Amino acid sequence: MTQSDCEQKRKAVEFALTATYNLANEVQHYIDEHSLKEDNPPDFLAIAQQLVPGEQQQMEHSLERSSLGQIAEIITTCVQCPLGKLRQHAVPGEGAADASLMVVGEGPGRDEDATGRPFVGRAGKYFDTWLSAIGISREYNVFITNIVKCRPPQNRNPYPEEAHACLPYLKRQIALVKPDAILCLGKVAANYLLETKAALHAMRTTIHRVSNIPVLVTYHPAAVLRNSDLRAPVWEDLKRLAAILNLPLDQGRS
Ligand code: URA
């Protein structure tokens with residue numbers, strides 16, 4: 001073994017000993033804090049998961065202390081899933097920090113990817129007319145975001161692993177904004193947020209709950225632009241939403 005091989009090996013052994021020492025200390029600390037003297041042996045796998053949290057748990061843990069601005073910053077550098085490497089801009093979401101309504105779409109499209117802002121394309125402009133029909137304005141009382149914060153290629157639906165990697169951001173945004181209601185746009189967004197595979201028509205007529213906040217589901221504005229028959233059911237959904245939020249309605253519409 002050459003001198004430099006010996007040096008390298010010593011460094012590796014030193015590193016391994018340090019890591020083992022630190023791990024042993026953490027285990028000792030855990031044993032001191034918890035009574036492990038029960039008759040049944042403890043769940044060592046669960047203890048190991050607590051001591052060595054996975055990437056997702058670490059992320060959730062660090063989000064627990066983050067503000068809306070900090071979450072947005074974290075999202076702009078996030079590469080927890082492959083979409084993070086394909087984006088032009090991440091789209092964390094935007095709106096009033098104390099919004100009474102939170103809107104959740106599926107994921108950014110081309111215009112959103114180009115600007116970093118949610119619902120700014122054709123569907124977004126159309127969606128603005130829904131908001132104004134119930135007296136909501138982007139500036140004052142709505143926070144708009146998506147299930148995934150980076151654009152899926154060719155606007156395909158987000159894959160489950162992409163949605164699950166991104167959901168902790170949305171959950172923290174909901175916990176911080178604490179809206180009085182959440183409006184979910186489209187089946188894909190609703191399926192991921194509500195953890196169901198139900199069809200859209202089946203989800204529409206129920207008031208769901210996430211963290212005890214009422215959640216309504218309606219059609220995605222892009223779907224309504226393609227099929228005007230959906231306008232009437234959307235208006236029914238918006239009226240239901242306005243009632244939950246105690247908003248006076250634009251009586252001119254029907
Ligand atoms: N469609 C979505 O679901 N979200 C956007 O931000 C834009 C279009």
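Worth saying up front: this structure is predicted, and the values here are computed from it rather than measured. Order of appearance sets the numbers: ligands from 1, and atoms from 1 within every ligand.
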*Asks:* Just going by heavy-atom distances, which of Asn146, Asn155, Asp111, Ile147 is nearest to atom 4 (N) of ligand 1?
*Replies:*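 Heavy atom nearest to atom 4 (N) of ligand 1 belongs to Asn146.
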*Asks:* Got the closest protein heavy atom to atom 1 (N) of ligand 1, with its distance?
*Replies:*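 Heavy-atom neighbour on the protein nearest atom 1 (N) of ligand 1: His220 NE2, 3.2 Å.
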*Asks:* Does any N or O atom in Phe119 lie less than 3.5 angstrom from one in ligand 1, N or O only?
*Replies:*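 Yes, there is a polar N/O contact under 3.5 Å.
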*Asks:* Got Glu106 and Asn157 here, is their nearest side-chain heavy-atom distance under 4.5 Å?
*Replies:*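 Of all side-chain heavy-atom pairs linking Asn157 with Glu106, at least one is under 4.5 Å.
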*Asks:* Quiz question: by atom type and distance under 3.5 Å, do the side chains of Glu26 and Asn22 form a donor-acceptor pair?
*Replies:*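 No donor-acceptor contact under 3.5 Å links the two side chains.
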*Asks:* Short list, please: which atoms of ligand 1 are under 4.0 Å from a heavy atom of Glu106?
*Replies:*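 Answer, ordered by atom number: 2 (C), 3 (O).
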*Asks:* Using a 4.0 Å cutoff against the non-hydrogen atoms of Gly105, which atoms of ligand 1 qualify?
*Replies:*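 Contacts of ligand 1 toward Gly105, numbered from 1: 3 (O).
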*Asks:* For the CG atom of Leu216 and the OG1 atom of Thr205, what is their distance to the nearest 0.5 Å?
*Replies:*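 Between atom CG of Leu216 and atom OG1 of Thr205 there are 10.0 Å.
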*Asks:* Measure from atom 5 (C) of ligand 1 to every heavy atom in Pro118, Gly186, Gly107, Ala123 and give the option owning the shortest one.
*Replies:*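 Ranked by closest heavy atom to atom 5 (C) of ligand 1, first place is Gly107.
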*Asks:* Measure the acute angle between the ring planes of His164 and Tyr192, then classify it against the limits of 30° and 60° as parallel, tilted or perpendicular.
*Replies:*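 Aromatic pair His164/Tyr192 classed perpendicular.
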*Asks:* Is the His220-Tyr126 ring centre distance short of 6.0 angstrom?
*Replies:*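 No - the distance between ring centres of His220 and Tyr126 does not fall below the 6.0 Å cut-off.
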